[in-house]
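Report on one structure; see the data block that follows.
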Amino acid sequence: MEEEDSPDKKSSGIGRFLAVIEWVGNRLPDPVVLYGLLAALVPILSALAFWGGWSRVHPVTGEAIQAINLLEKGQFQRMLTEAVTNFTSFAPLGAVLVTVMGIGVAERTGLIDAAIRLTVLKAPKPLISGVVVFAGVMSSMAADSGYVVLTPLGAVIFAGLGRHPLAGLAAAFAGVAGGFSANLLVTSLDPLLSGFTNAGAQLYDAAYEVTPDANYFFMIASTILITGIGWWVTEKIIEPRLGVYTGTLDKTEESSGKDSENLKAIIAAAISAVIFIIALLGATLPQNGLLRDSEGTVAPFIHSLVPVIALGFLFPGLVYGVFAGNLRTSKDLASMLGDSMATMGGYIVLSFAAAQFVAYFGWSNLGILTALEGAHWLQQIDLGPLPILISFIFLAACVNLVIGSASGKWGIMAPVFVPMFMILGLTPETTQAAYRVGDSVTNMITPLNPYFPIVLSFAMKYDRKIGVGTLIATMIPYSIAFAIGWVVLFTLWFLFSWPLGPGAQLLMPQ
């Protein structure tokens, strides 16, 4: 039996560093188990903190906050009697499941796949690199399907144009993975992250609420930025480095750029989407609109964003399915909705474990106490808010190398960093935006990305000798360029105090 390599057996330099990352990451438990272990650890830590007399004064209320011992009889009973309630009231769970139902129909009728393919296949040849990256960024509408659909398609498109297929694969992979947090639309990731952000914010201010569109303006700008950077890196660095492709291609790959799409169904779906948007504007813009309250504010619309997003995907998906002929009866629709939920089984289990951890962390006061201690320490070193945020971006990027799940990381980090930064005057929306940058830029260079082996297998179709190190080396220029560009954009956004989303400011009100 071959002995498993350890870090000290690897070569020096970046190869050794990445080997260490892979070695450490492979020894971390699955996120479900990790949350279970954390949930089990919190009561023990709470008892130690209580016995140690850990307490702090809340800077807003002036109230003395002390650690609560969850191993005390009443608290121990609470952990058991409220376990189901913790799960069913877990904010990200319902928001994500409702959103996924609408997106799942659009995905299973073929609308999203067809729209991505049409966007890429019909693009002018000089723009194809940028279009492939852009399509990758936008593919996060359908969760992770871009890895499976667009990455091999990018290689095939480049091959059909006589360009190096691995350059097309790299461009698509960069867009899908590196631009995962960016989009021109609100996706299922937004309510997922905002749910965890809310849980963290309410440790400090129980009335604070973060909406799914909290980072919408910043994500639109990020989409444009990532598309431009990815385009430039592909054209100026990746393709020249790869050189001329000397392998052989089969006939389907050489002609795949001429594939036709069901234009009739796509046009019908686009028309239905426009009608839906017009109806939504009609219910929101007038002072007495259906989605305005008695005071004329758009609060009902803001609180309806999750079902609105779901319906925004559901209606065009239904129309596309009818015109394309793959949605004929109500049973077909019910099957698609069921299939969408079936794919969320792992997330539901994760949510149960995460809900217990988040609840215990809040009950024990460990979250707010840690935030107060951290904020006090940061105030002492007096770095200033922007350097702290940039440091946090790089921390999230490093953690992403060993914990690939966006929700897995944020569920652990939000209860600490969101209230900590609120104490320093930074809104939860700002902290969430910084996290999204860090979470994205290293997605394409970590072997622990669950789709990394799939992308590697696609690449091996064109080069049998390619390995993990080769693919990572190909993607590192994207990672570095995205990190630099995104940090610059975030810095400008902060310096000019632009809103991150509708009503989402950078700084807490004084």
To the nearest 0.5 Å, what is the distance between [atom1] ([X]) and [atom2] ([Y])?
X: Thr430; Y: Leu386; atom1: OG1; atom2: CG; result: 11.0 Å
X: Asp439; Y: Ile393; atom1: CG; atom2: CD1; result: 12.0 Å
X: Leu495; Y: Leu506; atom1: CG; atom2: CG; result: 10.0 Å
X: Ile65; Y: Arg56; atom1: CD1; atom2: CZ; result: 11.0 Å
X: Leu41; Y: Leu37; atom1: CG; atom2: CG; result: 8.5 Å
X: Phe482; Y: Ser440; atom1: CZ; atom2: OG; result: 9.5 Å

Please report the closest heavy-atom contact between [X] and [Y], naming both atoms and the distance.
X: Ala67; Y: Ala49; answer: CB-CB, 3.6 Å
X: Val133; Y: Thr227; answer: CG1-CA, 3.9 Å
X: Met422; Y: Pro428; answer: SD-CG, 3.6 Å
X: Ala172; Y: Thr151; answer: CB-CA, 3.7 Å
X: Asn86; Y: Ala355; answer: O-CB, 3.4 Å
X: Val105; Y: Gly317; answer: CG1-C, 4.3 Å

Using the six-membered ring wherever Trp is involved, compare the ring planes of Trp493 and Phe218 and label them parallel, tilted or perpendicular (cut-offs 30° and 60°).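 Perpendicular.
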Mind checking whether Phe352 and Phe87 have parallel, tilted or perpendicular rings, split at 30° and 60°? perpendicular
Going by heavy atoms in the side chains, are [X] and [Y] under 4.5 Å from each other?
X: Trp486; Y: Ile229; answer: no
X: Asn69; Y: Gln75; answer: no
X: Leu189; Y: Phe180; answer: yes
X: Gln432; Y: Asn215; answer: yes
X: Trp54; Y: Leu366; answer: yes
X: Leu70; Y: Phe76; answer: no

Do [X] and [Y] meet the criterion of a side-chain donor-acceptor pair at a distance under 3.5 Å?
X: Asn443; Y: Asn400; value: yes
X: Gln66; Y: Asn365; value: no
X: Thr197; Y: Ser194; value: no

Any donor and acceptor pair, going by atom type alone, linking the side chain of [X] with main-chain N or O of [Y] inside 3.5 Å?
X: Gln505; Y: Leu507; value: no
X: Ser479; Y: Ile445; value: no
X: Ser89; Y: Thr85; value: yes
X: Arg292; Y: Pro300; value: no
X: Ser364; Y: Ser46; value: no
X: Tyr216; Y: Leu184; value: yes
X: Asp190; Y: Val186; value: no
X: Arg436; Y: Ser181; value: yes
X: Asn198; Y: Val210; value: yes
X: Thr442; Y: Ala397; value: yes

Do [X] and [Y] have ring centres separated by under 6.0 Å?
X: Phe421; Y: Phe392; answer: yes
X: Trp363; Y: Tyr360; answer: yes
X: Tyr435; Y: Trp410; answer: yes
X: Tyr204; Y: Tyr208; answer: no

Mind running side-chain contact (heavy atoms from CB on, under 4.5 Å) on Phe134 and Met138 for me, showing each step along the way? CA-CA 6 Å; Phe134 173 75; Met138 294 299 294; 3.5 Å; yes
Would Leu97 and Met341 count as a side-chain contact (heavy atoms from CB on, under 4.5 Å) here? Give the steps. CA-CA 7 Å; Leu97 294 183; Met341 288 297 98; 4.1 Å; yes
Stepwise side-chain contact (heavy atoms from CB on, under 4.5 Å) check, Met219 with Asn183: CA-CA 6 Å; Met219 289 303 106; Asn183 210 289; 5.7 Å; no
What's the verdict on side-chain contact (heavy atoms from CB on, under 4.5 Å) for Leu291 and Leu280, showing C-alpha distance, side-chain angles and the deciding distance? CA-CA 9 Å; Leu291 291 179; Leu280 188 62; 3.9 Å; yes
